Amino acid sequence: MDARLETAARVADIAPFHVMEVQTAARALEAAGRSVVHMEIGEPDFPTPAPVVAAAQRAIADGGIFYTSALGLPALRTAIARHYTDHYGVAIAPERVMVTAGSSAALLLVLALIVDRDDRILLPDPAYPCNRHFVRVLEGDPVGIPVGPESNYQLTANLIDRNWTPATRGVLIASPSNPTGTVVPHDEMQRIVSTVAQRRGRLIVDEIYLGLTYGLGAHRNGHDKPRSVLDLTDDVFVISSFSKYFNMTGWRLGWVVAPERHVRDLEKLAQNLYISPAAPSQHAALACFEPATLAILEDRRRAFEARRDYLVPALRELGFGIPVMPTGGFFVYADCSKFSHDSQQFCRDVLDNAGVAITPGLDFGRHRATEHVRFAYTIAQEKLEDGVARLARYLGR
Ligand SMILES: Cc1ncc(COP(=O)(O)O)c(C=O)c1O
């Protein structure tokens, strides 16, 4: 037999999503007649807002569905830029905004732009699993740096500095984070920006959950609103998406705000990799920024906040460790070591015995992964309450 592997070596290094396996097992139980409370799902349960669906229908009926520019519809790039001014108080030139096929494509394009073979990219551990796989696909070296409650489960300038080597090319962080729901405080972000710049590295900040932040007071129109890293520097790649805040996961639409000098190269990569983001989705997304849509989304953000306010104390009461209050996204990363040191088995047991689907820490890295699980509050409040009651019975609380 040929000594070469049948597929490229990189494929063996890409782990499947354990959450998908949880979901498959949960669906099998449901098919067998059991009821399952789904707390594993990483997408909003809310449907796409009606004005967005109507915009898509109009665009399709008009018949103008062709390839767009690889950078996206100019009107959408302008609308996204304006959104940064309206919501985050930062002025962005529309020319710096590139619409992509989900933020997944944005991450891949930006990493393809900066990662050469064996280049190291620093990531927190735990983190969104695809990031390390994107780096690996590009023959780079993803370096997970263990983080915990002492740093909000986020990288700090200090950690970045201590882990920097001549092979390090850049840093990729998500704020708010999946799986921890925690944010990088703005003063720490300032230090991270300076440290990465001093090292002449590249900084990528995934802000796909920035619209979904909680507990920040009068944050939409007041003093304590969520802040984008674009507030601090233009020399950063900011990744974002229509998937989460805008409730459009299936439309596969995201964006990147890039330093102006890199836009042409990103365009070239997108042209070659997938030609353009989907046209119906882009026409639909134009309606995201209408006041009627934003009002719907703001109500939904408040619903997520209410769910978080219920779930976190309830899980703590059961004995899960949640030392840092998550302030964004829709996830709670909980220490389950009181119950098990094998989170994968724990998730299986909880599913089989309590009918609650949750995700093992293993999906998000190695650091204390066997002692953590992720809860998603992407289900209605009554279902969350049912899930907590089931867990209480199973755990004997
Ligand atoms: C932190 C983070 N970044 C990026 C993505 C990719 O999302 P999409 O490609 O739908 O924009 C996800 C999806 O769960 C995520 O959690």
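Just follow the structure's listing: the first ligand is 1, and inside any ligand the first atom is 1. Given the structure is predicted, the values throughout are model-derived calculations rather than measurements.
- Using a 4.0 Å cut-off between charged side-chain N and carboxylate O, Asp335 and Arg316 make no salt bridge.
- The shortest N or O to N or O distance between Thr249 and ligand 1 is not below 3.5 Å.
- Set against the non-hydrogen atoms of Ser104, the atoms of ligand 1 under 4.0 Å away are 6 (C), 8 (P), 9 (O).
- Using a 4.0 Å heavy-atom cutoff, Tyr209 is listed among the residues neighbouring ligand 1.
- Under 4.0 angstrom from ligand 1, the non-hydrogen atoms of Ser243 all belong to its side chain.
- Surrounding OH of Tyr67 are at most 12 heavy atoms belonging to other residues, nucleotides or ligands under 6.0 Å away.
- If you check the side chains of Ser35 and Arg390, you find a donor sitting under 3.5 Å from an acceptor.
- For Asp206, the heavy-atom gap to ligand 1 drops under 4.0 angstrom.
- With a 4.0 Å heavy-atom cut-off, ligand 1 is reached by no atom of Glu43.
- Just one residue in the list Phe331, Tyr333, Phe346 forms a ring pair (Phe, Tyr, Trp, His ring centres under 6.0 Å) with His372, and that residue is Tyr333.
- Taking a cutoff of 4.0 Å between a charged side-chain nitrogen and a carboxylate oxygen, Arg307 and Asp45 qualify as a salt bridge.
- Remark: minimum distance from atom 14 (O) of ligand 1 to any protein heavy atom is reached at Lys244 NZ, 2.7 Å.
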